[in-house]
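Inspection log for the structure reproduced underneath, given as structure tokens.
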Amino acid sequence: MEQKWWQNAVVYQVYPRSFQDSDGDGIGDLRGILRRLDYLQELGITAIWLSPVYKSPNDDNGYDISDYRDIMTEFGTMADMDELITEAKARDIRIIMDLVVNHTSDEHPWFVEARKGKDNPYREYYVWRDPVNGDVPNSLRSTFSGPAWEYDEASGQYYLHLFSKRQPDLNWENEAVRREVWDLMNYWLEKGVGGFRMDVIDLVGKIPDKEITGNGPKLHDYLQEMNRETFGKYDVLTVGETWGATPEIAKLYSDPKRGELSMVFQFEHILLDQQEGKDKWDLKPLPIGELKQVLAKWQTALGNEGWNSLFWNNHDLPRIVSRWGDDGIYHRESAKLFAILLHLMKGTPYIYQGEEIGMTNSPIRDISEVQDIEARNMYRERLEQGYSQEELIGAINAKGRDNARTPMQWDGSENAGFTAGTPWLPVNPNFKKINAEASLADPDSIFHCYRKLIRLRKENPLVVWGDFELIEEVPEQVFLYLRHYEGETWAVAANLGQAAAAVQVPRLGKSRELLIANYADREFADFEELSLRPYEAFAVKL
Ligand code: NOJ
């Protein structure tokens, strides 16, 4: 495989609304991010994936864009954005823009025009259909609850919205729409951005009349056209958000020969703690055995015909240390365990803001505390269906998106140093204990574990290129894998449970050198007879 910078990269996701406020309005902004670039440089990351900063009425916190060439008023100005690109570059950090082009805001001028009537030149930028028997055109549903069709009184037609009704879906079958998208991408590429994270890109090939949403028949034609017309000429990272990707599908996107994307986000591991065939809110305990199998499958299935991204967290997911670790007594150990497990795998790791200091979920007691449109809509719909309030609040506490969106915890001062005003979403009350300042000052902190992992990746081609091997003859709760590269082998071991675990894999012998560990007294590993403490994780050379 031809080597690219993004194969060696570690990407840090910034959710600007919650990262750092600079002007006291309680909302994070671009000047806030500028202030924290040195912190990110110290962590050692290569690129920032910036969640949307474009002009937006914020029905879905910026994932509803009303102008792709302007900046959200609360976040600052285009001059701030240009400065951010330049200042990041000066620290060897590239800015990856969030490309949200499956839909726009209903306030985007294209939709404002389209709504004016059937003859408007912008009408076909969106998906309009006549009623069927006086009702919605078909049974497509919105990810944010209810039907995916909204009735437009003036024209007597419905328009499609796979997310909120204020996020009308663009009609990618219309060549004019695709040309608009290429133009706006080129606008950002010319500014010198480092690439794009592509929001729900697997939906753009939808065939609404056949109720096909993900993986539509023209999807890959569109992406090849996009590559040719835009970023193909640039050395950038492109990552598609693809909820429905199997390894075979991931190769279609990321095989370099096909001229599409650098990599995709696949969600197979993320879906393991929900009941099959149901929604994210229908919880079940994580089957650890399946987690190992799924991650191992992705490590080996792509071969040289694709590239993995590695992540536990993002702005849509609960915090990993609360979700599958222990945010109580084993907070530090389990946060580091997830870091060690992920960062020594093959692929490009992503860190979501606050993950590097072990930020946790932020439980609520009442629906009035919830900001997120997805959870609010779900709550309303399921209450009507007869679910109990208690059950629904439980599901929101486990899976709700606000968990990841509470303000970044910078220090122990008021509002965790996030804002001098009133934060748009309350700061997690644990900020006095969990914050970046404390983490930086403590050499044994979660932050320094991430920093060390990033350094290990930079200094050892094995981490980037080594072959992956899952060791199966271990207890269910133990994740043990090897990486092989040019005659060298590393072993990564992790006990995903609160109970100690005994491991016996004599063929692996004794370790030669400890690379990283989450218990300070671990010095070596003897795989003939190894005992792992609660949430213990380490990597050794064999
Ligand atoms: C996926 C994004 O990550 C999420 O935050 C957003 O709500 C939907 N796409 C719609 O844009």
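We count ligands from 1, going down the list as the structure has it; atoms in each ligand are counted the same way.
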Can you list the ligand 1 atoms lying under 4.0 Å from a non-hydrogen atom of [X]?
X      : result
Arg405 : 5 (O)
His103 : 10 (C), 11 (O)
Phe144 : 7 (O)
His315 : 2 (C), 3 (O), 4 (C), 5 (O)

Does Arg401 reach ligand 1, in the sense of a heavy atom lying below 4.0 Å from it?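 Distance cut 4.0 Å: Arg401 passes for ligand 1.
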Non-hydrogen atom of Arg197 closer than 4.0 Å to ligand 1: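 Distance cut 4.0 Å: Arg197 passes for ligand 1.
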Give me the residue, atom name and distance of the protein heavy atom closest to [atom].
atom                    : answer
atom 11 (O) of ligand 1 : Asp199 OD2, 2.7 Å
atom 5 (O) of ligand 1  : Asp316 OD1, 2.7 Å
atom 6 (C) of ligand 1  : Asp60 OD2, 3.3 Å
atom 8 (C) of ligand 1  : Phe163 CE2, 3.8 Å

Do Arg17 and Trp424 form a cation-pi contact, if we require the NZ or CZ to be under 6.0 Å from the six-membered ring centre and within 45 degrees of the ring's axis?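 Geometry flag: set, cation within 6.0 Å and 45°.
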Do Asp402 and Ser362 meet the criterion of a side-chain donor-acceptor pair at a distance under 3.5 Å?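 No, Ser362 and Asp402 have no side-chain donor paired with an acceptor closer than 3.5 Å.
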Looking only at side-chain N and O atoms, does Thr419 offer a donor or acceptor that is under 3.5 Å from a partner on Asp21?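 Checked: Asp21/Thr419 side chains pair up, N/O donor to acceptor below 3.5 Å.
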Candidate list Glu150, Arg129, Arg123, test side chain to side chain donor-acceptor pair (under 3.5 Å), partner Gln157, passing option: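 For Gln157, the side chain to side chain donor-acceptor pair (under 3.5 Å) test succeeds with only one of Glu150, Arg129, Arg123, which is Arg123.
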Applying the ring-ring contact (aromatic ring centres under 6.0 Å, His included) test to Tyr125, which of Trp110, Phe111, Tyr159, Trp172 qualifies?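 Result: among Trp110, Phe111, Tyr159, Trp172, Trp110 is the only option passing the ring-ring contact (aromatic ring centres under 6.0 Å, His included) with Tyr125.
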Could you check whether Phe311 and Phe267 have their ring centres less than 6.0 Å apart?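 Phe267 vs Phe311: aromatic centres under 6.0 Å.
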Looking at the rings of His161 and Tyr126, which for Trp means the six-membered one, are their centres under 6.0 Å apart? no
